[in-house]
Structure formats: structure tokens, C-alpha cells
Amino acid sequence: MKIALLGYGRMGQTIEKIAVDRGHEIVLRVDKGDTEYDITKADVAIDFSIPDAAFNNISNCFYHQVPVVSGTTGWLDKYNEAVSLCKEKKGAFIYASNFSLGVNIFFELNKSLAKMMSQLEQYKVSMEEIHHTKKLDAPSGTAITLAEGIIDNHEAYTEWKLNDSSGSSLPISAKRVDDVPGTHTVTYESEVDTLMIQHKAHSRQGFALGAVIAAEWLKEKTGVFTMNDVLNIG
Ligand SMILES: NC(=O)C1=CN([C@@H]2O[C@H](COP(=O)(O)OP(=O)(O)OC[C@H]3O[C@@H](n4cnc5c(N)ncnc54)[C@H](O)[C@@H]3O)[C@@H](O)[C@H]2O)C=CC1
Ligand SMILES: O=C(O)C1=N[C@H](C(=O)O)C[C@H](O)C1
């Protein structure tokens, strides 16, 4: 499979190694300042760029009917617009705030736990995410997906806020520590005990492998999909 990498930073470079190991060819590496390129050389594009660039990168793929997988976070105010454009242009698209298998299982566990805990008023939920200091957005896309999973399944919460537990808000704390690849913890606290679930990435390998598997899966398809479709879970 011929792959275009849109964003050639930490994730782009990690994806390149895994993709080549799996027998794929990288035909395009697009980074900051690259405007003139032929995306149609690729069978599929993988976007891990920056919040300000993701929507344009993705739209360009739709205009040229190149299937696109995006893991860039912090641009989701334009997600619905991207979905509409994908359908209009008969493109193929997968966005995931986190491509690792472990986190996608964690998303499902989080939803089931929220459903059970909704009946137990004595427990208050909070969330913490820890990432490296180079991260541009906060809270992380993964923390937002986890928060949405709780809000959809727990009667006491209607929105999430950074460091704010007032009213029906689910508080998220975002910490930035050296080289941490990504740790997410959901905590339910009562007066008598604490229940925690946590996912801790040891490196970027899991994110990158998931993105390549998603690209392999998407290559011949048309439509808008999620990692639950790729992994057949949820
Ligand atoms: N969904 C997931 O599983 C994961 C998502 N991410 C997200 O992926 C994104 C990238 O993460 P990293 O690789 O760690 O960041 P990075 O900062 O190492 O790489 C981003 C690259 O995008 C480049 N860039 C800037 N403008 C661009 C443009 N217009 N077109 C193409 N590239 C452009 C930058 O020069 C940089 O090389 C972030 O939003 C991060 O939150 C990161 C890890 C996993
Ligand atoms: O920026 C990162 O590094 C990561 N970003 C994603 C997010 O915002 O959730 C996924 C992962 O946690 C690493």
C-alpha cells in the first residue's frame, strides 16, 4: 500500500517505521510549509499533524478521493464539517482520538463502568491525563472521548470542564510531565473508598500500529468510520 504521511513529527516518523515493517511504501511526507504536493500518488493518507492544519489536510484528501486516517487532536470543532464533506465527495475517513487497541478497550470499559456507577450517588467521578510537555492541546483528545463516554452513560454529568467540578461538570485535570507518552485515569471517589481505571502508554508504538491497521482497513472503503468498526468492538 502506498501511504502519504501528513505530519512528519513524532507520530509520523513512528508510523513510517511500522508501515515499512508491514510491507508498505511511504510515497509522500508532508510537513509544515509543504503546500505543493500530489496526494493522488497515495492509496491512503495518515494525518498526525497539528490542530490548525488537520482540517485542511483531511479536506484535501476528500477532494482527491484519497482515504484518510486522522489522529490529530484539538480540531474537533470542525469534525462535523469534515464528515459532511467526506459524504459529499464520497471519500473515506476515520478519526480517532486514540488509535491504540488498549485505549479502545478502555473506552468501552469506561462506558460500562459509568452506566453502573450512575446508580451510586455517593461516588463522584474525576479524570486525569498526563502527557509530555510538547503537547499543544489540553485536555487530550482521549480525555475528551472518555468524558463523553461518561456523560452519555451517567445521569449526574452533562458536560466536562478543566479543573472544575461545579454543578453537573465532570472535572478533567491535564498535567504535562517530561516525555510521558500518555496516561489517562478515571477515578470514582466516595467517602469510604476509591475506584480507579487507568491506561498507561509505554511508548507511541501502540498509537502508530493502530493507525496503520486503520489505514489498511480503510483503503478500499467509502464512508465515515470509527476504530470500533476497525476492531469490531463496541
Ligand atoms: N490519535 C492518536 O492515537 C494520537 C494522536 N496524537 C496527536 O497527533 C498529533 C501529532 O502528534 P505528534 O506527532 O506527537 O506531534 P509533532 O509535533 O511531533 O508532529 C506534528 C508535525 O506536524 C507538522 N506540521 C505543522 N503544520 C503542518 C501542516 N500544515 N501539514 C502537515 N504537517 C504539519 C509539524 O511540523 C510537526 O512535524 C497531535 O495532535 C497529537 O495530539 C498523538 C499520538 C497518538
Ligand atoms: O499528543 C499526544 O502525544 C497524544 N495525543 C492523543 C490525545 O490527545 O489523546 C493520544 C495520546 O494520548 C497521545
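Start at 1 and go down the list; that is how both ligands and their atoms are numbered. FYI, side chains are in, hydrogens and waters are out, and symmetry mates aren't considered; it's all heavy atoms of this structure.
Using a 4.0 Å cut-off between heavy atoms, H131 contacts ligand 2 through its side chain alone, with no backbone atom that close. Of all the heavy atoms of K134, none lies under 4.0 Å from any atom of ligand 1, so neither backbone nor side chain is involved. The residue A143 has no part lying near ligand 2, judged by heavy-atom distances below 4.0 Å.
Atoms of ligand 2 found under 4.0 Å from any heavy atom of N98, numbered from 1 in the order shown, are 10 (C), 11 (C), 12 (O). Annotation for ligand 2: atoms under 4.0 Å from non-hydrogen atoms of H184 are 12 (O).
Using bins of under 30°, 30° to 60° and over 60° for the plane-to-plane angle, the ring pair Y95/W75 lands in the perpendicular bin. Between H131 and H184, the ring-plane angle classifies as perpendicular under the 30° and 60° cut-offs.
Taking only nitrogen or oxygen atoms, main chain and side chain alike, G141 reaches within less than 3.5 Å of ligand 2. Considering backbone and side-chain N/O of R204, none are found under 3.5 Å from N/O of ligand 1. Distances between N or O atoms of F99 and those of ligand 1 include at least one value under 3.5 Å. Residue T142 has at least one N or O atom closer than 3.5 Å to an N or O atom of ligand 2. For A96, a nitrogen or oxygen atom sits less than 3.5 Å from a nitrogen or oxygen atom of ligand 1, counting backbone and side chain alike. Inclusion of T73 in the set of residues having an N or O under 3.5 Å from an N or O of ligand 1 is warranted. Here's the thing with M11: one of its N/O atoms is less than 3.5 angstrom from an N/O atom of ligand 1. Distances between N or O atoms of H132 and those of ligand 2 include at least one value under 3.5 Å.
Salt bridge annotation for K78-E81: absent, with no cationic side-chain nitrogen under 4.0 angstrom from a carboxylate oxygen. In summary, K135 and D137 engage in a salt bridge, as defined by a charged side-chain N under 4.0 Å from a carboxylate O.
For atom 33 (C) of ligand 1, the closest non-hydrogen atom of the protein is K32 N, 3.5 Å. The closest protein non-hydrogen atom to atom 23 (C) of ligand 1 is D31 OD1, 3.3 Å. Of the protein's non-hydrogen atoms, the one nearest atom 29 (N) of ligand 1 is A53 CB, 3.2 Å. With hydrogens left out, the protein atom closest to atom 30 (N) of ligand 1 is N57 ND2, 3.4 Å, a heavy atom. Looking only at heavy atoms of the protein, atom 17 (O) of ligand 1 is closest to R10 NH2, 3.5 Å. Of all protein heavy atoms, the one lying nearest to atom 8 (O) of ligand 1 is F48 CD2, 3.4 Å. Ranking protein heavy atoms by distance to atom 5 (N) of ligand 2, first place goes to K135 NZ, 3.1 Å. Of the protein's non-hydrogen atoms, S97 O, 3.4 Å is the one closest to atom 2 (C) of ligand 1.
The two atoms that bring A45 and C61 nearest to each other are CB-SG, 3.7 Å, heavy atoms only. Taking all atoms of both residues into account, the shortest heavy-atom contact from T40 to V66 is CA-CG2, 4.1 Å. When all heavy atoms of E129 and S140 are compared, the closest pair comes out as OE2-N, 2.7 Å.
Heavy-atom separations between H132 and ligand 1 are all 4.0 Å or longer. Within the structure, the closest approach of E129 to ligand 2 does not fall below 4.0 Å when heavy atoms are considered. Ligand 1 has no atom lying under 4.0 Å from any heavy atom of G74.
In this comparison of P181, A201, G182, G206, the heavy atom closest to atom 13 (C) of ligand 2 sits on P181. Scanning P181, S49, G7, G33 for the heavy atom closest to atom 20 (C) of ligand 1 points to S49. Remark: among candidates S140, G9, S97, the nearest residue to atom 6 (C) of ligand 2 is S97, based on non-hydrogen atoms. Counting only non-hydrogen atoms, the option in G71, G9, G182 that gets closest to atom 7 (C) of ligand 1 is G71.
Side-chain atoms of S59 and N56 form no donor-acceptor pair, as typed in the model, at a separation below 3.5 Å.
Within the cation-pi definition used here (under 6.0 Å to the ring centroid, within 45° of the axis), K219 does not qualify as a partner of W217.
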task = Report the C-alpha separation of F93 and F225 in whole Å, then their side-chain angles, then the decisive distance to 0.1 Å, and conclude whether the ring pair (Phe, Tyr, Trp, His ring centres under 6.0 Å) test is met.
result = CA-CA 6 Å; F93 181 40; F225 304 96; 9.9 Å; no
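A heavy-atom distance below 4.5 Å is not found between the side chains of I172 and E128.
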